[in-house]
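Remember, it's a predicted structure, so these values are computed and weren't measured experimentally. Below, each value reflects all heavy atoms present in this structure, side chains not excepted, and no hydrogens, waters or symmetry copies.
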Amino acid sequence: MKEIYYLCTVFKKQFYRMDAKRILFITQEITPYLPESEIASICRNLPQGIQERGREIRTFMPKFGNINERRNQLHEVIRLSGMNLIIDDTDHPLIIKVASIQSARMQVYFIDNEDFFQRKHTVVDANGNEYEDNDDRSIFYIRGVLETVKKLRWIPDVIHCHGWMSALTGLYIKRMYADDPCVKDAKIVYSIYNDDFQKPFRPDFAKKLKMDGAFDDDLTSIDKDTSFVGLSKLAVDFADGVIQGSETINQKVLEYVTSKEDTPFLPYQSPDIYMDKFNEFYDVVLEK
C-alpha cells in the first residue's frame with residue numbers, strides 16, 4: 001500500500017509541475033531590498049506564494065543605487081550582461097545582477113545601468129523632486145527585462161507588472177517584441193497602485209516609443225497627456241487583465257479600466273485573500 005501511495009504521490013507532483021504555468025513578475029520595488037511599501041511587500045510575498053501554489057516564477061526589479069549590494073549579496077551575472085540598449089540615440093550598457101531570498105527560495109534579477117540607476121534614491125532626488133529622465137529609465141528597465149528573459153530562454157505564460165515603471169511592458173511585447181518566441185504569447189496582467197507621479201514625462205516621450213516601433217494609434221493616450229493617468233491608460237490598453245492593487249487608486253484611471261468591458265478586471269483584494277485571488281485571476285486571463 002505504501003508503494004502504491006508513493007507512486008501516486010510522485011505522479012501527482014509530476015503532473016502538477018507539467019501543468020504549472022510560468023509567471024514573470026516585473027516590479028519597481030521589493031522588500032527587503034527597498035524600504036517596505038505596499039508594492040514592495042506584495043512583490044516580496046506574491047512570487048513566493050505563487051511558487052508555493054505550483055507555478056514557476058521569475059522576478060525582476062531595477063537595481064537602484066540605494067540598494068546595498070554587499071548586505072543583500074548581489075552579484076553580476078556575466079553571461080547575461082554586456083548588451084547595449086539604445087535610448088534616444090544613446091548607448092546604455094545593460095548590467096544584470098541577481099540575489100536570493102533564501103527563506104522564500106526565490107531569486108530576484110536586477111536591471112542595472114550607471115546612467116539610470118546609480119543614484120542615492122529611487123524615482124525622486126533628495127529634495128523629493130522626480131527625476132527628469134524617469135521616462136528613459138522606464139524604457140530601459142522594460143527593454144532590459146525582456147532582453148534578459150530572451151537570454152534566459154525562459155518563456156512566461158503570464159507577465160504580472162507592478163507599478164508605473166512597468167507600464168510599458170504590454171506595448172513593447174505586443175509591438176516591438178511581437179515576433180519574439182520567448183514573450184510574444186505571454187498574457188499581460190497590470191496592477192495599478194496608488195503610486196501616482198506628479199511630474200509628467202517629457203513631451204518627446206511618444207517620439208521615443210515610436211523610434212522603438214510603436215504606432216501612432218498605440219499612443220493616443222499619451223500624445224497630449226504624459227502624466228500618470230496617460231501612462232496608466234496606455235498600460236491598460238495593452239493589458240490582458242488589470243488588477244486594482246491599492247484600495248484607493250486614481251479615479252480617472254479606475255473609470256478608464258472599468259470602461260474596458262473586454263478586459264478582465266479584479267477589484268482590490270484584502271491582504272488575507274489577495275494571493276489566492278491573484279492566482280485564480282491568472283487562469284482567467286490565460287483562458288481569455
Side-chain angles (χ1 to χ4, degrees), residues 26-29 37-39 62 86-90 116 121-125 127-146 159-178 188-268:
I26 304 178
T27 179
Q28 61 197 48
E29 301 173 38
S37 68
E38 187 171 40
I39 297 179
I86 299 174
I87 311 292
D88 200 19
D89 291 329
T90 303
F116 291 134
H121 303 274
T122 53
V123 296
V124 299
D125 62 21
N127 298 316
N129 300 312
E130 292 162 358
Y131 289 121
E132 187 78 15
D133 63 347
N134 275 342
D135 51 352
D136 287 355
R137 299 171 87 205
S138 176
I139 292 172
F140 182 88
Y141 175 50
I142 296 308
R143 288 184 57 191
V145 171
L146 298 179
I159 300 177
H160 191 172
C161 306
H162 299 260
W164 58 260
M165 191 166 275
S166 68
L168 297 174
T169 304
L171 171 67
Y172 270 85
I173 285 177
K174 296 182 180 180
R175 289 295 179 264
M176 300 71 158
Y177 290 80
I188 311 300
V189 173
Y190 185 65
S191 278
I192 303 171
Y193 293 90
N194 185 20
D195 66 332
D196 306 30
F197 55 83
Q198 304 304 313
K199 186 176 183 179
F201 286 171
R202 291 172 290 188
D204 61 348
F205 181 48
K207 178 183 176 182
K208 295 172 187 175
L209 297 177
K210 290 176 188 176
M211 289 175 63
D212 275 351
F215 304 140
D216 288 336
D217 291 345
D218 297 333
L219 307 174
T220 53
S221 63
I222 62 166
D223 270 341
K224 297 180 180 179
D225 181 14
T226 57
S227 69
F228 175 84
V229 173
L231 182 64
S232 298
K233 288 181 177 180
L234 175 64
V236 171
D237 288 342
F238 284 90
D240 299 293
V242 178
I243 295 174
Q244 181 178 334
S246 298
E247 188 169 5
T248 302
I249 62 173
N250 187 292
Q251 187 61 33
K252 291 182 180 178
V253 175
L254 181 59
E255 291 172 358
Y256 189 75
V257 173
T258 53
S259 72
K260 295 277 189 175
E261 296 181 358
D262 294 335
T263 303
F265 173 61
L266 183 67
Y268 175 75

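With sequence neighbours left out, E261 forms a side-chain contact (heavy atoms from CB on, under 4.5 Å) with no residue at all. Remark: S138 pairs with M165, L168 by the side-chain contact (heavy atoms from CB on, under 4.5 Å) rule, at least two apart or across chains. Under the ring pair (Phe, Tyr, Trp, His ring centres under 6.0 Å) criterion, F205 pairs with F201, not counting sequence neighbours. For F265, the ring pair (Phe, Tyr, Trp, His ring centres under 6.0 Å) criterion is met by no residue, not counting sequence neighbours. D133 is linked by a side chain to side chain donor-acceptor pair (under 3.5 Å) to R119, counting only residues two or more places apart in sequence or in another chain. Remark: Y190 engages no residue in a ring pair (Phe, Tyr, Trp, His ring centres under 6.0 Å) (not counting sequence neighbours). Remark: T220 engages no residue in a side-chain contact (heavy atoms from CB on, under 4.5 Å) (not counting sequence neighbours).
Between L171 and A214, the shortest heavy-atom distance links the atoms CD1-CB, 4.2 Å. The nearest pair of heavy atoms linking L219 to A206 is CD1-O, 3.6 Å. Taking each heavy atom of A235 and A167 in turn, the nearest pair found is CB-O, 3.5 Å. Of all heavy-atom pairs between I139 and Y172, the closest is CG2-OH, 3.2 Å. Shortest non-hydrogen contact noted between G230 and S221 is O-OG, 3.3 Å.
Residue pairs that meet the salt bridge (charged side-chain N to carboxylate O under 4.0 Å, His left out) test with at least one member in residues 203-213, sequence neighbours left out, are D135-K208, D136-K208, R143-D212, D204-K208, K210-D216. Residue pairs that meet the salt bridge (charged side-chain N to carboxylate O under 4.0 Å, His left out) test with at least one member in residues 223-239, sequence neighbours left out, are D237-K260. Among residue pairs with one or both ends in residues 216-247, those qualifying as ring pair (Phe, Tyr, Trp, His ring centres under 6.0 Å) are F197-F228; sequence neighbours excluded. Listed by first and then second residue, the salt bridge (charged side-chain N to carboxylate O under 4.0 Å, His left out) pairs that reach into residues 244-254 come to none, sequence neighbours excluded. Note on residues 188-199: pairs passing salt bridge (charged side-chain N to carboxylate O under 4.0 Å, His left out), not counting sequence neighbours, are E132-K199.
Counting only heavy atoms from C-beta outward, the side chains of S246 and I192 never approach each other to under 4.5 Å. Proximity of I222 to L209: side-chain heavy atoms (C-beta onward) are separated by under 4.5 Å at one or more points. In this structure, Y141 and I26 have side chains that are in contact, with non-hydrogen atoms separated by less than 4.5 Å. S191 is listed as a side-chain neighbour of H160, based on a closest heavy-atom distance under 4.5 Å. When side chains are defined from C-beta on, E29 does not count as touching T122, because their heavy atoms never get closer than 4.5 Å.
In this structure, the separation between SG on C161 and CD1 on I142 is 6.0 Å, given to the nearest 0.5 Å. Note that the CG atom of L266 and the OH atom of Y268 stand 11.5 Å from one another [nearest 0.5 Å]. Here CG of N129 is found 12.0 Å from CD of Q198. Values are rounded to the nearest 0.5 Å.
Panel note: side chain Q244, backbone L254; no donor-acceptor pair is recorded below 3.5 Å. Remark: side-chain polar atoms of N134 are paired, donor with acceptor, to backbone N or O of V123 under 3.5 angstrom.
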Original post:
Given D89 and M211, is the side-chain contact (heavy atoms from CB on, under 4.5 Å) satisfied, shown in steps?
Top reply: CA-CA 9 Å; D89 291 329; M211 289 175 63; 3.5 Å; yes
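Screening T169, D240, D218 for a side chain to side chain donor-acceptor pair (under 3.5 Å) involving K174 leaves a single residue, D240.
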